[in-house]
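Here's the structure, in C-alpha cells; my notes come after.
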Amino acid sequence: MAGRRAGNIVILTGAGISKESGLDTFRDADGLWSKVNLEDVATPEGFIRNPQMVHDFYNHRRRELQKDDIRANAAHHALGRLEAEWPDDVLVVTQNIDALHEEGGSENLIHMHGEMLKARCDRCGNVRCWVDDIDIETACPECAVAGGMRPHVVWFGEMPFEMERISQALSQCSLFISIGTSGNVYPAAGFVREAIFSAKAHTVELNMEPSEGATLFAETVYGPATAVVPAYVDRLLAEGY
C-alpha cells in the first residue's frame, strides 16, 4: 500500500551531512572539539577572556569553508530536490554554520546555530555577509565602532535562533527527519519528541550510526549521508512515507 505523499516535513541536519563535503564534525574522536577547548573558543566567556584567539579560530574556519573543494554533496542536493518537488512545506533546520544547504538548493532554511559566513556587531546588532578575517580592531561597517565584531554563530550558553518558528513547524509537521546528528545537543535533540507528541509525526533517522535518541524514531537507516539521504528522498517522492 502506498504511503502518504503530502504533509509538511521538518528536517534537522547536523555535522554528519557535511562531513563528506570535507568539513570536520565536532564530536567524532578526531572532531573539532578534540582539538580545541570549547570553553575557550565557543562561549561568550571565552570571547571576553581572549577575543583574538576566538577570532583566529573562526577566521581559520571561515577560510576553510571558502576553499574550492568544499562543495555541497549529494545529500544536500537531495534535500534541495525534495523541497522543490514535495507538494507541501519542507523546512530544513540545520545545526551547521556552513552554506552547503543553500548551495544544494534548499531555500526554506533555518540556521539555528548561525552562519559562519556572516558577522555581527555586538554594539549595534547589525548582521551582514562576511568572508574576510576579523580581529579586535575590525570596525563595524554600520556603526563604525571597532572591537564589537564577532562571528554570527551561537556559542554554548546562548539561545539558538528562531526557536519559536522551529517549534511551530514541528507542531504542524507530518514527517520529521533527522540527518547526521549525534542527538546529544539540546534543544535540537528534543525535536523528535516535540514532533511526536505535538504533531504525532512519523519520525525517521538517517545517520552514520544510531544517535543517542535513536530508539525514539519509528524508522532508521544507517550509512553515509551521500548514500542514504538521496535514496530516502527518491523513495519518499515515489512512494510516500
Side-chain angles (χ1 to χ4, degrees), residues 12-15 17-18 21-27 31-33 35-68 70-72 76 91-169 181 185-189 191:
L12 172 68
T13 68
I17 198 171
S18 294
S21 291
L23 296 179
D24 285 341
T25 60
F26 287 86
R27 296 180 183 275
L32 283 170
W33 295 147
K35 302 170 185 175
V36 296
N37 187 334
L38 67 88
E39 285 83 6
D40 289 336
V41 299
T43 65
E45 295 79 11
F47 189 57
I48 291 170
R49 285 194 304 269
N50 193 336
Q52 191 56 57
M53 181 175 69
V54 175
H55 281 314
D56 290 343
F57 175 76
Y58 286 95
N59 288 340
H60 174 73
R61 295 196 64 203
R62 193 180 298 109
R63 291 192 295 267
E64 287 289 308
L65 284 182
Q66 296 179 78
K67 288 183 175 179
D68 289 342
I70 303 298
R71 304 302 302 270
H76 298 107
L91 172 66
V92 174
V93 179
T94 187
Q95 300 171 90
N96 300 337
I97 57 178
D98 58 60
L100 297 178
H101 278 301
E102 290 92 334
E103 185 180 326
S106 293
E107 297 181 0
N108 193 22
L109 176 67
I110 294 174
H111 281 274
M112 64 179 294
H113 290 164
E115 300 175 67
M116 188 70 258
L117 298 181
K118 289 185 178 180
R120 180 168 82 247
C121 177
D122 271 346
R123 304 290 195 267
C124 70
N126 181 257
V127 178
R128 62 179 58 214
C129 294
W130 199 282
V131 297
D132 300 318
D133 286 358
I134 303 173
D135 62 35
I136 57 176
E137 301 298 329
T138 301
C140 171
E142 183 70 18
C143 69
V145 176
M149 297 301 292
R150 56 163 284 182
H152 185 55
V153 299
V154 174
W155 288 325
F156 290 94
E158 296 181 326
M159 180 63 67
F161 297 133
E162 299 199 60
M163 289 303 300
E164 184 174 342
R165 181 183 165 199
I166 294 169
S167 183
Q168 183 177 12
T181 180
V185 177
Y186 285 83
F191 288 175

Open item on the list: Tell me the closest heavy-atom pair linking N96 and A15, and the distance in Å.
Closed with: OD1-N, 3.1 Å
Open item on the list: Within the structure provided, determine whether R123 and C140 are in side-chain contact (heavy-atom separation under 4.5 Å).
Closed with: no
- [ ] Can you run down the salt bridge (charged side-chain N to carboxylate O under 4.0 Å, His left out) pairs that involve residues 93-104, sequence neighbours left out, and say none if there aren't any?
- [x] R71-E103
Open item on the list: Run V54 and R150 through side-chain contact (heavy atoms from CB on, under 4.5 Å) and show every step you take.
Closed with: CA-CA 9 Å; V54 175; R150 56 163 284 182; over 6 Å; no
TODO: Measure the shortest side-chain to side-chain distance between T138 and D133 over non-hydrogen atoms and say whether it is less than 4.5 angstrom.
DONE: no
- [ ] Could you list the residues that satisfy side chain to side chain contact (heavy atoms under 4.5 Å, CB included) with E64, not counting sequence neighbours?
- [x] H60, K67
Task: side-chain contact (heavy atoms from CB on, under 4.5 Å) assessment of I97 paired with R61 - done: CA-CA 10 Å; I97 57 178; R61 295 196 64 203; 3.3 Å; yes
Open item on the list: My understanding is that only residues two or more places apart in sequence, or in another chain, count here; which of them pass side chain to side chain contact (heavy atoms under 4.5 Å, CB included) with S21?
Closed with: N73, H76, L100
Task: Separation of E39 CD from W155 CH2 (nearest 0.5 Å) - done: 14.0 Å
TODO: Take R49 and E45 through the test side-chain contact (heavy atoms from CB on, under 4.5 Å) and record every step on the way to the result.
DONE: CA-CA 6 Å; R49 285 194 304 269; E45 295 79 11; 3.8 Å; yes
TODO: For the residue pair Q52 and D135, establish whether any side-chain heavy-atom pair is separated by less than 4.5 Å.
DONE: yes
Task: Heavy-atom pair of closest approach, residues G125 and R120 - done: O-CG, 4.2 Å
- [ ] Let me know which of F161, Y58, W130 forms a ring-ring contact (aromatic ring centres under 6.0 Å, His included) with H152.
- [x] F161
Task: Point-to-point distance, once rounded to the nearest 0.5 Å, from CE of M116 to CG of L65 - done: 7.0 Å
Open item on the list: Using 0.5 Å steps for rounding, measure from the CE atom of M149 to the CG atom of D122.
Closed with: 9.0 Å
Task: Flag side-chain contact, heavy atom, 4.5 Å: P141 against R128 - done: yes
- [ ] Taking all heavy atoms of H55 and all of I136, pick out the closest pair and write down the distance.
- [x] CD2-N, 3.9 Å
Open item on the list: Can you tell me how far apart CG (L109) and CG (L91) are? Round to the nearest 0.5 Å.
Closed with: 7.5 Å
TODO: Name all residues meeting the side chain to side chain contact (heavy atoms under 4.5 Å, CB included) criterion together with A188; count only those two or more places apart in sequence or in a different chain, and write none if there are none.
DONE: L12, Q95, M112, F191
Task: side-chain contact (heavy atoms from CB on, under 4.5 Å) evaluation trace for N50 with D40 - done: CA-CA 8 Å; N50 193 336; D40 289 336; over 6 Å; no
Task: Non-neighbouring partners of R62 that pass salt bridge (charged side-chain N to carboxylate O under 4.0 Å, His left out), sequence neighbours left out - done: none
Task: Residue pair E115 / V127, side-chain heavy-atom distance below 4.5 Å - done: no
TODO: Determine the minimum heavy-atom distance between I134 and A119, stating which atoms define it.
DONE: CD1-CB, 3.8 Å
Task: Over all atoms of both residues, closest heavy-atom pair of C124 and C121 - done: N-SG, 3.5 Å
Task: side chain to side chain contact (heavy atoms under 4.5 Å, CB included) against V131, all qualifying residues, sequence neighbours excluded - done: Q66
- [ ] Determine the minimum heavy-atom distance between V153 and E158, stating which atoms define it.
- [x] O-OE1, 3.7 Å
